[in-house]
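First comes the structure, then the notes that go with it.
So you know, we letter chains A, B, ... as the sequences are listed, proteins then strands, and number each from 1. Please read these numbers as outputs of a predicted model, since none were measured by experiment.
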Amino acid sequence: MNALAVRGAALLCALLFAVVPVTTAAAEPAVKAQEWSAYKEKFLDPAGRIIDNANGNISHSEGQGYGLLLSYLAENRGDFDRIWAFTRSQMLVRDDGLAAWKWDPAGTPHITDVNNASDGDLLIAYGLALAGAAWNRPDLTQAASQMAGAIASTATGTVDSLVLLRPGNHGFGRQDRPDGPVVNPSYWVFEALPVLAALAPQGPWDQLAQGGRRLIDRSMKIGAAGLPPDWVSLRAAPTTADGFPQEFGYNALRIPLYLLRAGISDRALLEPLLAGMRDSGGGVRIVDIGTGATRQVLNDPGYRIIPALLDCALNGTRLPDDVRSFSPTDYYPSTLHLLSLSFARRRHAECL
Amino acid sequence: MKPVVFIAGGMALVGALVFEQGYLDVLWPSGEAGLQAATSASVVQPAASQQQEAADTLEQVAQAQPQSAGGSTQAPGPGQPPQVDETALRYFSAKGDTKRLEAEIARLRALYPEWTPPENPLAVRNEGDPQLDEMWKLYSDGKLADVRKAIADRQTAQPGWQPPADLLDRLAVAEAREQLVNASDLKQYDAVIRVGSLHPSLLTCGDVDVLWRVADAFANTDRKDRARDAYLYILKTCEKPEERLATVQKALPLLPRADLDQLLALERTGQDGKGEFEPVRDDIARQSLANADADPNLVVAQADIDRVKKLADANGPATDDLMLGWYYVRRDDPQSAEQWFSKARAKEDSAAASQGLALALVDQNRPAEAEEALYKWRESSDDTRKVYMAAVANLLAVTPPPPIEPAVLQRMAQAVAGEKDAAAAQQFGWYADSLNQPQTAAQWFSLALQWKPDDEPSAYGLALSRWKLGDKAGVAEIQTAWAGRSERIPTVGERSVETAAVDTRDHGQQPAVQPAQAPSVTEPAPRAQPSPAPRGGSAGTAAGQGGGCSTTMDPSVLAPESALTRGWCLMGANRPMEAAAAFEVALRGSGKTRSDAAYGQSLAYMRAGLTDMAAVSATKAPIDSDRSVELRISLLDQQANAAFQQRRYMETLMALDERSRLAPEVVGLMVLRGYAYLGLKRFADAEQVFRAAAATGSRDALRGLNDVQTARNPQN
């Protein structure tokens, strides 16, 4: 436990060093002004909502969380406050204090599913916590603390002595579906956990981080793919969950990015991920878990940068030119792209 | 200006309470005493809740205001003229937005009692801050996120710049309002109350919609007393007539009548002498009747009933007649119910009116008319289908069988086949049997068994029909299949009616005996007819068409043994209430007669659906242990079903549990158990039992599984 606490504290320091913008006037933000400007031009509605343009222009709590994080990394307080204002008044409407996950411009009411998504909750709380500390904004810190408390008390659960994140507070548990509990390993925004732990110390944050690591380890052993699936059933031995594509897909491909951003450099974990996800042309493979066959190769630079970043962190390989500059494509890969670039700038300048 | 003062007073009152006790749960302490106790301990005098003194307390209230405004406003020091931020005032004035201007003046007055509003706000020197003006404009346009952005951008560009506290306060309140309304639209009631408690300045007469939403949140989270207090607060504090009336309308479906009466006591009388709530009184009476429909034991004031009757007679909407019809159905007055449902249909023929009428007619033993009334609407809903099937089953069960037009028979048969309704199919079987058509009867019984494999009466009917057709192998097949599950099926073909009757009298082997004669069968058949009357089931055989018990008579003139025979005969004729009366006479006998009578009466009441009375009958005399267990099982079946119908799911489960200690749970009851779990939202339990039942091929169980999924994911 002590060792863990020490590791947690060390991690926290590393993190704050990594993600808190350096406040000297000369330093450029981790997300450059023109990058943020291009991103928001395409994905930020003036009312403060991040638009998932490839998905019916809906918004979700995950997108709001990414928006908060990116505008914070871009040090754009105006846009941050704009996104936060929308998030709070439109989505933080659940009884338990977490965010309703889905907002549809065509729906009445706009929240068309009041369930939460715990990755969105983590991202929102994390963005608020970072901005609250960096900009000395007690209102943001307080909101982050409340969400952290709500996440700790309602969005976590224990399966086989592992503390895990419920994907949503409704519909994923043992009682809710024949293959429940079902979890999503890509919901662990590892870098957020120590930051939220500082705000809600009573929560099982260390155990949650350990649980996530164990889950990823075990999920990689499910099938011939050697990669974690998007959705995992923990009814018995870990396996792919019913009703979802049985693949290392759009969800899981961000797992390595989250690991790297959290300062996790375990080669035994990262090397198989790199080997498994990258195709010969540097694209990201969507992989059939059972057979290990490639179902699709994603070549958007926002996806390609993830294995490239792994290669950089593990082997010092420089990022290829085509991923070093940013121009927005679709909401999701563009978001991953900026999260990757900003991380490389702060932690692996040698790869740029 | 007076209303505005009251608004501000009320607002601060609420704020003070919140800060005194910390949470909106205490916002409207239940009852006036609670309110006073809470307020007298804080800055507000007890009288503050009374409007005429609100102004007097305003000064004290105002001193509490900075607290409730988030601590962002500084009260002026003694002797100093207050530093009042009049930016908003100028802006609204320039815009010609008098409504907001007045609200702002009232708000500033509440904050700064010494402050005098400028005569002409426009004349006030413009301090020339176009950026700030732009922020106010965005605020005024409702672009709250844009205001946030503008503030943050300016603070980035101009370190140290602070927006006026006024702007921040209003922005926070406006955002909170949005959040509260969104939460309310999504029925996130705890969130509504939480946001309200954090922003007491939202809770004013100036925005009564928010007060309604908070009250609604209380009412929907089992805090009806708090909801009532919120509505009372509005009626005591707010002035707009249309909002006061709407408040009562909102409270109407949410509060019990006693609480509603407290609200009505605050009615004001207009200059025309009419009470302000007069327009809603009709709806109040209607709601009373609607509540009575939900709770058959609720006593409704005669004045309310009379009012709705008057409305209905004065050509009110058909729903008024319907409501009266349902009221009387639930009060066991089918004649009155029939009258009102008929009136409703005359105004507007509808599925609901026809369903009600059919129910009332079935209750009056007029199933033919019920069938006729509902036929057209039978497909409208599950309820209409059920009632229609009940009408069909009842019509077919009438003894002696009434003549039914071929066209009607045809359409009933089609409906039964469409619904796969085993109970009605079984009745078709008995009906055909009574018309000496064993071939047809056998087909219907087979169908009933196909749809409900555990339907013992249908199996019995099928065995009888096959026996009449001379199909001994077919009879044996059923007897094998039902070995150990039915007492009477093995007896089919065993003995003649005559010997059976003698047996009963002499040895008590067979309790149920047909009258001396058996239904005439046209097909060649053994001379001696089998016909132990059905037991514990709902079927009647074709008895009572001559001799025996076909005439009506007072059983009290009979000797106990004769009464017992007559009781069984009436059971055979499916006239259970008369049978119960005959058994009552037979109970005067002793020994075996008395025991049989208790058993028979219990069966009779059960068949009539009078489970409670059946239970009583079973205790009137010692009943031998086999029969006693059988009775107990039947009683529990009926109790479980009756409890389920009344949505008393726990009782359903208790009855089923007890039954399962006596006999294995048949598939039909497993399904019932599944639905009881579902009713209790025990989804996993429901799923488990449906899954087990579905494994036997039960389609009802499959449907149950589907219903579980639907209930779990109401969004889908």
Side-chain angles (χ1 to χ4, degrees), chain A residues 25 40 44-49 71 75-103 107-116 131 135-137 139-140 142-143 146 150 168 170-178 180 243, chain B residues 70 72 138 142-157 159 163 168 171-195 198-199 217 220-221 681-688 691 705 708-709 711-716:
Chain A
K40 81 172 183 185
L44 176 58
D45 181 277
R49 73 181 185 94
S71 58
E75 297 175 33
N76 189 318
R77 302 186 188 196
D79 287 329
F80 184 96
D81 271 9
R82 186 207 287 267
I83 297 166
W84 169 226
F86 181 91
T87 307
R88 184 176 42 174
S89 61
Q90 297 290 321
M91 302 176 91
L92 278 179
V93 294
R94 285 172 51 90
D95 282 345
D96 57 15
L98 298 177
W101 82 273
K102 186 176 182 186
W103 195 99
T108 309
H110 289 305
I111 296 291
T112 50
D113 184 355
V114 81
N115 203 2
N116 69 311
W135 300 337
N136 192 22
R137 286 271 302 273
D139 59 320
L140 302 180
Q142 193 196 358
Q146 281 168 357
H170 175 84
F172 296 91
R174 188 177 292 278
Q175 312 296 322
D176 299 324
R177 37 183 296 153
Chain B
S72 52
L138 290 170
K143 295 181 175 169
L144 306 180
D146 286 315
V147 184
R148 288 286 178 201
K149 174 176 159 51
I151 293 172
D153 282 348
R154 183 161 178 183
Q155 285 177 321
T156 305
L168 287 179
L171 192 54
V173 168
E175 286 171 340
R177 183 186 195 282
E178 238 176 62
Q179 192 180 16
L180 185 147
V181 169
N182 284 324
S184 163
D185 285 346
L186 294 165
K187 306 190 191 311
Q188 298 291 300
Y189 300 116
D190 290 341
V192 170
I193 292 165
R194 189 172 59 236
V195 175
L198 289 171
H199 300 275
N220 280 295
T221 47
K681 301 197 190 319
R682 287 168 61 177
F683 298 130
D685 290 333
E687 183 173 323
Q688 190 179 21
R691 208 168 278 293
L705 274 176
V708 173
Q709 291 309 323
R712 271 180 175 160
N713 304 303
Q715 303 288 337
N716 295 338

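- The two atoms that bring A:R94 and A:A100 nearest to each other are CD-N, 3.6 Å, heavy atoms only.
- Options B:D185, B:L186, B:D153 differ in how many heavy-atom pairs under 4.5 Å they form with chain A, and the most are formed by B:L186.
- With a threshold of 4.5 angstrom between heavy atoms, B:Q155 does not approach chain A through any atom at all.
- Checking side-chain atoms of B:D190 against main-chain N and O of A:D95 turns up no donor-acceptor pair under 3.5 Å.
- Checked by atom type and distance alone, the side chain of B:R194 never pairs as donor or acceptor with a backbone atom of A:D96 at under 3.5 Å.
- Looking at A:R177, the atoms closer than 4.5 Å to chain B (heavy atoms on both sides) all sit in the backbone: N, CA, C or O.
- For chain B, the nearby parts of A:L92 are the backbone and the side chain; heavy atoms of each come within less than 4.5 Å.
- Judged purely by distance below 3.5 Å, without hydrogens or angles, the side chains of A:S89 and B:E178 pair a donor atom with an acceptor atom.
- Heavy atoms closer than 4.5 Å to chain B are found nowhere in A:H110, neither backbone nor side chain.
- Only the side chain of A:N76 comes within contact range of chain B, with at least one heavy atom under 4.5 Å from a heavy atom of that chain.
- Comparing B:A152, B:S184, B:A684 by heavy-atom pairs within less than 4.5 Å of chain A, the highest count is held by B:A152.
- Taking the charged nitrogens against the carboxylate oxygens, B:D146 and B:K143 have no contact shorter than 4.0 Å, which rules out a salt bridge.
- Atom CZ of A:F80 is separated from atom OG1 of A:T87 by 8.5 Å, given to the nearest 0.5 angstrom.
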